Amino acid sequence: QVQLVESGGGLVQAGGSLRLSCVTSGRTFSSYAMGWFRQTPGKEREFAAAISNRGLSTLYADSVKGRFSISRDNAKNTVWLQMNSLKPEDTAVYYCASGNTGSVTRIPREYRYWGQGTQVTVSS
């Protein structure tokens, strides 16, 4: 059984930082790309960042580029999303996802497994 468990969400003031973590079990973590997506009520899930299976390639949405950083440690089966200079529009539930291949992608259907999400709220 594959499980992805996110943590690290919370309430932060605009301009602040948060670091999200996602631990994967039940799958060979080092074989698959990992992604972070976010969703607000009434909107579709939005791509934020992705990292290839060995961590050599990363991909960011324009809305987070230069502020967010994705990284992974295959020995710990963990992927992180460091979020700096947070804005109120970053408020969302953040989901990590495990890809179908080792290559980065921003397309949700190319991720097979998803976590339960962690809430990030940025106050103005």
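In this text the structure is predicted, and so the values were computed from the model without any measurement. Side-chain atoms are counted along with the backbone in the values below, which use heavy atoms only and exclude waters and symmetry mates.
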Within-4.5 Å side-chain heavy-atom neighbours: [X] and [Y]:
{"X": "V120", "Y": "M83", "result": "yes"}
{"X": "T118", "Y": "V93", "result": "no"}
{"X": "R67", "Y": "K87", "result": "yes"}

Exercise. Take Q119 and Y94 through the test side chain to side chain contact (heavy atoms under 4.5 Å, CB included) and record every step on the way to the result.
Key: CA-CA 6 Å; Q119 176 70 47; Y94 283 72; over 6 Å; no
Quiz prompt | Selection residues 113-124 - residue pairs positive for salt bridge (charged side-chain N to carboxylate O under 4.0 Å, His left out), sequence neighbours left out | solution =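 Listed once each, the pairs would be none.
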Test item: [X] side-chain N/O and [Y] main-chain N/O as donor-acceptor pair under 3.5 Å:
{"X": "N53", "Y": "S30", "answer": "yes"}
{"X": "E6", "Y": "Q116", "answer": "yes"}
{"X": "S52", "Y": "S57", "answer": "yes"}
{"X": "R72", "Y": "F29", "answer": "yes"}

Applying the 4.5 Å side-chain criterion to the ILVMFWY set and letting contacts propagate, would [X] and [Y] be lumped into a single cluster?
{"X": "V104", "Y": "L81", "result": "no"}
{"X": "W114", "Y": "W36", "result": "no"}
{"X": "M34", "Y": "V2", "result": "yes"}

Self-check item: Between Q39 and E44: side-chain donor-acceptor atoms closer than 3.5 Å
Solution: no
Quiz item: Will you find, in the side chains of Q82 and S69, an N or O donor that is under 3.5 Å from an N or O acceptor?
Solution: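 No - no donor-acceptor pair under 3.5 Å links their side chains.
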Name every donor-acceptor pair, under 3.5 Å, that has one atom in a side chain of residues 7-24 and the other anywhere in the protein, sequence neighbours excluded.
from: S17; atom 1: OG; to: N84; atom 2: OD1; distance (Å): 2.9
from: S21; atom 1: OG; to: W80; atom 2: NE1; distance (Å): 3.3

Quiz prompt | Row check, Y111 ring normal vs R106 NZ/CZ: under 6.0 Å, within 45° | solution = no
Exercise. Kindly indicate whether a cation-pi arrangement holds for R38 with Y95, taking the cut-offs as under 6.0 Å to the six-membered ring centre and within 45° of the axis.
Key: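 Relative to the ring axis of Y95, which defines the angle, R38 lies outside at least one limit.
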Quiz prompt | Short N-O contact, D62 and K65, less than 4.0 angstrom | solution = yes
Exercise. May I have the step-by-step check of side chain to side chain contact (heavy atoms under 4.5 Å, CB included) for N77 and R27, ending in yes or no?
Key: CA-CA 9 Å; N77 287 1; R27 204 181 199 203; over 6 Å; no
Quiz item: What residues, two or more places apart in sequence or in another chain, satisfy ring-ring contact (aromatic ring centres under 6.0 Å, His included) together with F47?
Solution: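 Expected list: F37.
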